[in-house]
Number of protein chains: 2
Amino acid sequence: MTKTTSSIRSGAFKATRKTHSNESAEDYTELVADLIEANGEARTVEVARHLGISHVTALRTIRRLQNEGFFETAKHKPIYLTAKGKKLAAYCKERHQTILQFLNLIGVPEKVAEVDAEGVEHHISKETLRALKEHISKFAE
Amino acid sequence: MTKTTSSIRSGAFKATRKTHSNESAEDYTELVADLIEANGEARTVEVARHLGISHVTALRTIRRLQNEGFFETAKHKPIYLTAKGKKLAAYCKERHQTILQFLNLIGVPEKVAEVDAEGVEHHISKETLRALKEHISKFAE
DNA sequence: TCAGAAATGTAGCATGTGCTACATTTACTG
DNA sequence: CAGTAAATGTAGCACATGCTACATTTCTGA
């Protein structure tokens with residue numbers, strides 16, 4: 001019994017780590033989409049302000065995400081979303097709303113729900129999202 | 001309207017980042033508890049195997065968590081949990097079970113549920129956990 | 001128009017987490 | 001009890017993300 005009775009589920013941990021590396025893409029694209037909708041454009045300082053980080057960190061990450069094809073931007077210019085970025089932002093926004101709806105449904109206070117949704121959303125698979133939606137509809141009857 | 005119509009909710013992002021820094025403590029203590037329960041002791045290589053990472057990475061993190069008061073260990077010796085570590089592990093284990101129960105309840109396939117639970121659990125507040133439990137009981141009637 | 005404010009950019013540092021390669025220590029087995 | 005396998009440890013690298021300090025560019029208003 002050297003193999004341990006608890007099964008080795010390194011797969012789940014690996015999956016979580018992989019998801020982590022996408023979190024910034026999800027947060028940034030969604031935020032940039034919001035800023036564009038609200039202001040017509042998204043600027044680095046605004047992104048930094050909303051995320052509560054320094055403008056330098058925001059700048060560096062925006063550049064990385066630009067290289068990865070989520071943003072289009074140029075020196076001293078605003079940030080725009082590519083098609084890829086828009087798609088991701090739309091998906092994230094909808095997922096975020098669904099999670100908030102669900103947390104609201106089960107009676108989680110609004111402020112707590114906002115924080116939890118922010119942390120949790122990156123780790124919700126399409127299957128779970130679908131299940132959540134169905135579950136919500138049952139109650140909306 | 002330079003302030004942006006969308007409210008600035010940097011608080012939620014900050015909270016998520018803070019939670020992130022505790023994720024390894026949660027994963028490691030829970031895993032070490034499982035290993036001790038199964039094998040009588042926890043060794044670095046086993047931790048590494050279960051997490052799907054190299055033993056070097058596991059070693060370094062275990063050391064950090066030892067400095068932070070979660071583990072007791074010594075060179076070439078097994079890893080044990082401090083009272084602080086045991087408390088955290090127990091809380092995490094129960095939370096994990098609750099989340100799995102909930103995902104099962106709404107019909108998420110087992111394998112997907114395992115991955116989602118692993119990713120999500122670190123971001124579930126006490127309030128949401130309580131709400132989840134109450135929600136589950138309603139259905140268990 | 002031009003000076004100061006705001007935004008952007010660069011340099012350089014820290015921490016956490018991932019890796020491989022290699023060294024040493026411990027444990028097992030013939 | 002010696003030799004090898006397994007476990008542990010060290011050195012040194014990478015990347016993502018956080019920071020401050022300082023430089024440069026752009027915008028804005030008197």
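Just the heavy atoms: all of them, side chains too, but no hydrogens, waters or symmetry mates, feed the values below. Order of the sequence lines sets the chain letters (A, B, ...), proteins ahead of strands, with each chain counted from 1.
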Nucleotide C:dG18, atom C1' - distance to CG of B:D27 in whole Å: 15 Å
With nearest nucleotides of DNA chain C determined for A:K77 and A:R17 from heavy-atom distances, which residue corresponds to the more 5′ nucleotide? A:K77
What is the distance, rounded to the nearest whole Å, between atom NZ of B:K14 and atom C1' of D:dT17? 15 Å
Thinking salt bridges, do A:R17 and B:E23 make one under a 4.0 Å N-O criterion? no
Taking CZ from B:F13 and P from D:dG18, how many angstroms apart are they, rounded to a whole number? 11 Å
Would you check if B:T16 and B:H123 make a side-chain contact, meaning some heavy-atom pair closer than 4.5 Å? yes
Return yes when atom NZ of A:K86 has more than 12 non-hydrogen atoms of other residues, nucleotides or ligands closer than 6.0 Å, and no otherwise. no
B:K84 atom NZ, neighbour heavy-atom count above 12 within 6.0 Å: yes
Using whole Å, what does the distance between atom P of nucleotide D:dT17 and atom CD of A:E26 come to? 13 Å
Listed by chain and number, what are the ring pair (Phe, Tyr, Trp, His ring centres under 6.0 Å) partners of A:H122, not counting sequence neighbours? none
Figure out the CD1/P separation between A:I53 and C:dA7, and round it to whole Å. 15 Å
Whole angstrom value for the distance that separates P of D:dG18 from NE2 of B:H20: 10 Å
OP1 or OP2 of C:dG18 under 4.0 Å from side-chain N/O of B:S54: no
Give a yes/no answer on whether the side chain of A:T61 brings an N or O atom under 4.0 Å of OP1 or OP2 in D:dT17. yes
Would A:R130 and A:E127 pass as an ion pair if we require N to O under 4.0 Å? no
According to the interplanar angle, ranging from 0 to 90°, do the rings of B:F102 and A:F102 count as parallel (below 30°), tilted (30 to 60°) or perpendicular (above 60°)? tilted
Any carboxylate oxygen within less than 4.0 angstrom of a Lys/Arg side-chain nitrogen, looking at B:R95 and B:E30? no
Please encode protein proximity along nucleotides 10-16 of chain C as a string of B, S and -, counting only heavy-atom distances under 4.0 Å. BBB---S
Where is the tightest heavy-atom contact between B:I79 and B:I36, given as atom of each residue plus distance? O-CD1, 3.7 Å
Considering only nitrogen or oxygen atoms on both sides, find all protein atoms under 3.5 Å from nucleotides 4-7 of chain D and state each distance.
none

